[in-house]
Amino acid sequence: MKRSLFVISGPSGVGKGTLVNRLLQEDDSLALSVSCTTRAPREGEKDGREYFFLTKEEFSKRIGEDGFLEWDEHFGNCYGTPKEFVLRQLESKSVILEIDVKGALQVKNSGFEHTVLIMIVPPDPETLMNRLSQRGSETEAELEKRLERVRFELSQNHLYDYTVVNDDLEEATRALQNIILKETFRGDKHD
Ligand code: ADP
Ligand code: 5GP
């Protein structure tokens, strides 16, 4: 059995958070990496649960200390994967990282033995726009910026190990669970 980093990406609003919550609820051998960000918490978000919310100064200090596996800037805010936090979780579990394409590729190249990249895509662009606006957490201007990025994210699909279409939530959850099972037990007889 392998402990892996499962990196899940996809455009904003595609359902990453929803799917990841379902995976974590049903499999206690999985842990979630909690990223750091300088963006303000949305209503209902809690420090240490969705993100560790840092000031710009705190974030810069962490960069200087080589404290991130990867980090990037989106929509004027910084986001990063805390190295210590992930390494500690990996001692006992496989870890899910919910990060963007650039971050995912950095993690893949950062030397971890078993990193699996999974892209979540919408069934069609209209569905994505509906989900994003239904969530109601962004202003019109923020929505515009996020939608601009969608095309780029989807165009990077070919660099990923797997693609999962999030149309029916049950089916998408099952597809992800199957990928995790397959990768966790892959090659066991030779280990
Ligand atoms: P992300 O984390 O990718 O930004 P969310 O998980 O916040 O996306 O999902 C965006 C919205 O779409 C939420 O309101 C969520 O309930 C809804 N949603 C997610 N997956 C599905 C699905 N398969 N069918 C219908 N609605 C969905
Ligand atoms: P949001 O503000 O909607 O929570 O996230 C905005 C974007 O930041 C999303 O595309 C999300 O995948 C990305 N993101 C979240 N955490 C990280 C991280 O740790 N590193 C990187 N590179 N991107 C992240």
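Since we're looking at a predicted model, the values are computed, not measured. Just the heavy atoms: all of them, side chains too, but no hydrogens, waters or symmetry mates, feed the values below. First listed ligand is number 1; within each ligand, the first listed atom is number 1.
Within 4.0 Å of ligand 2, protein heavy atoms belong to Ser35, Arg39, Arg42, Tyr51, Glu70, Asp72, His74, Phe75, Tyr79, Gly80, Thr81, Glu98, Ile99, Asp100, Gly103, Arg146, listed by chain and number. Ligand 1 is surrounded by Pro11, Ser12, Gly13, Val14, Gly15, Lys16, Gly17, Thr18, Glu98, Arg131, Arg135, Asn166, Asp167, Leu169, each with at least one heavy atom closer than 4.0 Å.
Ion pairing of Asp168 with Arg174 is absent here, as no side-chain N (NZ or NE/NH1/NH2) approaches a carboxylate O to less than 4.0 Å. Salt bridge annotation for Glu58-Lys61: absent, with no cationic side-chain nitrogen under 4.0 angstrom from a carboxylate oxygen. Checked for salt-bridge contact, Glu45 and Arg39 meet the test: a charged N lies under 4.0 Å from a carboxylate O. Ionic pairing of Glu26 and Arg22 is not present here: no N-O contact between side-chain nitrogen and carboxylate oxygen is shorter than 4.0 angstrom.
Under the 3.5 Å distance criterion, the side-chain polar atoms of Lys16 are matched with a main-chain donor or acceptor of Gly10. Looking only at distances, no side-chain donor or acceptor of Thr38 sits under 3.5 Å from a matching main-chain atom of Thr55. A side-chain donor-acceptor contact under 3.5 Å links Arg131 to the backbone of Val14.
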Expected list for residues 88-97: side-chain donor-acceptor pairs under 3.5 angstrom, two or more places apart:
| unit_1 | atom_1 | unit_2 | atom_2 | d |
| --- | --- | --- | --- | --- |
| Gln89 | NE2 | Leu32 | O | 3.4 |
| Lys93 | NZ | Asp28 | O | 2.8 |
| Ser94 | OG | Ser4 | N | 2.9 |

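Shown here are the side-chain contact (heavy atoms from CB on, under 4.5 Å) partners of Leu159, two or more places apart in sequence or in another chain: Leu105, Gln156.
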